[in-house]
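Throughout, a chain's letter reflects where its sequence line sits, starting with A, and its residues are numbered from 1.
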Number of protein chains: 2
Amino acid sequence: MATTSPHQTQSVFQALADPSRREILRLLRQGEMTAGDIAAHFDFSRASLSHHLNLLLQAELVRVRKDGQRRIYSLNTSLFEDLLGFVFRFIEGSSD
Amino acid sequence: MATTSPHQTQSVFQALADPSRREILRLLRQGEMTAGDIAAHFDFSRASLSHHLNLLLQAELVRVRKDGQRRIYSLNTSLFEDLLGFVFRFIEGSSD
DNA sequence: TAGATATTTAGCATATCATCTAAATATGGC
DNA sequence: GCCATATTTAGATGATATGCTAAATATCTA
């Protein structure tokens, strides 16, 4: 696994501090999803979701690509699978 | 390593979201310290440090015991060594 | 007991965060 | 080009977080 640059440490921890964002990450562990698909799992507005996704992108925890009018989000697995898998398994006791 | 209860997940991630608190945890990896010793490493007031320490205690990331007028803080290593050691090593690239 | 030291608690100001609605941008299909 | 759909951006607002100073609590020593 690659070691990441220190400057993004804060954005990673900050991104993980919100329960909705952690839930987004958990959803994405099952595979990539459009913004709309993700939104369907939450009560808050799409604008709010977009904001959460932006923070996750900044932290490089997720990636995005365009497919027509949709944007498809996926985990940045290189960082996520190793780190977050570990975190959820041992801290939350509820990974996949 | 013991699995922890889900209810403290939020307090753990929240505690880790602040850079000063992460720095406190890093300091404590070298051994237990009094509140005053910890305070000497930071610019903010002792009242603020006390607040940070409280959040770390709530998250069960640190423990405290009394020794006379001092309070001696230490890592709750059962949670910390496994989880945070991993996090700092791979995310921050700067653990020992 | 009085005074000094170590630390926390209380109360307050300011900064940051999560969320909303409304408007903007981009794409697809007719 | 026009309209519908998918999503983001902008701007505002209430809640939460971080920091301060002052006061309270606890312990040690003379």
Side-chain angles (χ1 to χ4, degrees), chain A residues 7-28 30-76 84 92, chain B residues 7-28 30-76:
Chain A
H7 80 276
Q8 62 180 27
T9 303
Q10 180 55 25
S11 63
V12 171
F13 281 108
Q14 196 129 295
L16 294 175
D18 183 85
S20 300
R21 288 193 291 268
R22 293 197 303 275
E23 183 63 30
I24 291 169
L25 293 173
R26 258 189 302 270
L27 285 172
L28 290 176
Q30 290 153 238
E32 56 182 27
M33 298 173 80
T34 68
D37 288 341
I38 299 170
H41 286 78
F42 294 98
D43 285 338
F44 48 69
S45 71
R46 304 205 166 204
S48 296
L49 174 65
S50 203
H51 178 240
H52 285 308
L53 290 171
N54 247 324
L55 293 178
L56 290 169
L57 280 169
Q58 276 177 235
E60 296 182 41
L61 289 165
V62 305
R63 290 196 238 91
V64 67
R65 67 186 160 85
K66 273 184 145 171
D67 176 41
Q69 10 175 211
R70 315 216 162 132
R71 302 217 188 164
I72 302 185
Y73 287 86
S74 57
L75 287 182
N76 183 347
L84 275 255
E92 294 200 276
Chain B
H7 80 275
Q8 61 181 29
T9 302
Q10 180 54 24
S11 62
V12 171
F13 280 108
Q14 197 130 295
L16 294 175
D18 183 85
S20 300
R21 287 193 292 268
R22 292 198 303 276
E23 184 62 31
I24 292 170
L25 293 173
R26 258 189 302 270
L27 285 173
L28 290 177
Q30 289 151 240
E32 55 182 28
M33 297 173 80
T34 67
D37 289 340
I38 298 171
H41 286 78
F42 294 97
D43 285 338
F44 48 70
S45 70
R46 301 197 169 210
S48 296
L49 173 66
S50 203
H51 178 239
H52 285 307
L53 290 171
N54 248 323
L55 293 178
L56 290 170
L57 280 169
Q58 276 177 236
E60 297 183 38
L61 289 164
V62 304
R63 290 196 238 90
V64 67
R65 66 186 162 85
K66 273 183 145 171
D67 176 42
Q69 9 173 213
R70 316 218 160 128
R71 302 217 189 165
I72 302 184
Y73 287 86
S74 56
L75 287 182
N76 182 348

- Heavy atoms under 4.0 Å, any strand shown: does His51(A) hit a base, just sugar-phosphate, or nothing? base
- Item | Comparing Leu55(A) and Arg71(B) on DNA chain C - which has the more 5′ nearest nucleotide | Arg71(B)
- Item | Side chain to side chain, Val62(A) and Asn76(A), heavy atoms closer than 4.5 Å | no
- Query: Quick one: Leu16(A) CG to dA18(C) C1', roughly how many Å, whole number?
  - Reply: 16 Å
- Query: Atom NE2 of His52(B) and atom P of dT7(C): how far apart are they, to the nearest Å?
  - Reply: 16 Å
- Look at the side chain of Asn54(A) and decide which nucleotide, out of dT9(D), dT19(C), dT7(D), has an atom nearest to it. dT9(D)
- Query: Ignoring hydrogens and geometry, is there a side-chain-to-backbone donor-acceptor pair from Gln10(A) to Asp18(B) under 3.5 Å?
  - Reply: no
- Query: Hey, is the side chain of Tyr73(A) poking within less than 4.0 Å of OP1 or OP2 on dT8(D), counting only N and O atoms?
  - Reply: yes
- Query: Between Ser20(A) and Asp67(A), who's closer to the 5' end of DNA chain C by nearest nucleotide?
  - Reply: Ser20(A)
- Compare side-chain N and O positions of Lys66(B) against OP1 and OP2 of dA26(D) and report whether any pair is under 4.0 Å apart. no
- Task: Mark yes or no for a side-chain to base donor-acceptor pair under 3.5 Å between Gln69(B) and dT7(C), with no hydrogen or angle criteria applied.
- Result: no
- Task: Verify side chain to side chain contact (heavy atoms under 4.5 Å, CB included) between Asp37(B) and Leu27(B), making sure each step is shown before the conclusion.
- Result: CA-CA 10 Å; Asp37(B) 289 340; Leu27(B) 285 173; over 6 Å; no
- Message: With a 4.5 Å cut-off on side-chain heavy atoms, are Leu56(B) and Leu28(B) touching?
- Response: no
- Item | Atom pair distance, as rounded to whole Å: CD in Glu23(A) and P in dA18(C) | 16 Å
- Write down the distance between CG (Leu57(A)) and C1' (dT9(D)), rounded to a whole number of angstrom. 15 Å
- Query: Is the distance between the ring centroids of His52(A) and Phe44(A) less than 6.0 Å?
  - Reply: yes
- Query: What's the CG-P distance between Leu56(B) and dT7(C), to the nearest Å?
  - Reply: 16 Å
- Message: Under 4.0 Å, heavy atom to any atom of DNA chain C: which of residues 42-50 of chain A qualify?
- Response: Phe44(A), Ser45(A), Ala47(A), Ser48(A)
- All heavy atoms of Ala35(B) vs all of Tyr73(B), minimum pair found to be CB-CE1, 4.0 Å
- Message: In whole Å, I'd like the distance from the CZ atom of Arg70(B) to the C1' atom of dT5(C).
- Response: 8 Å
- Query: Roughly how many Å is it from CZ in Arg65(B) to C1' in dA26(D), rounded to a whole number?
  - Reply: 17 Å
- Item | Value in whole Å for how far the C1' atom of dT16(D) lies from CD of Gln10(B) | 12 Å
- Message: Closer than 3.5 angstrom, by distance alone: can the side chain of Arg21(A) be matched with the main-chain N or O of Gln14(A) as a donor-acceptor pair?
- Response: yes
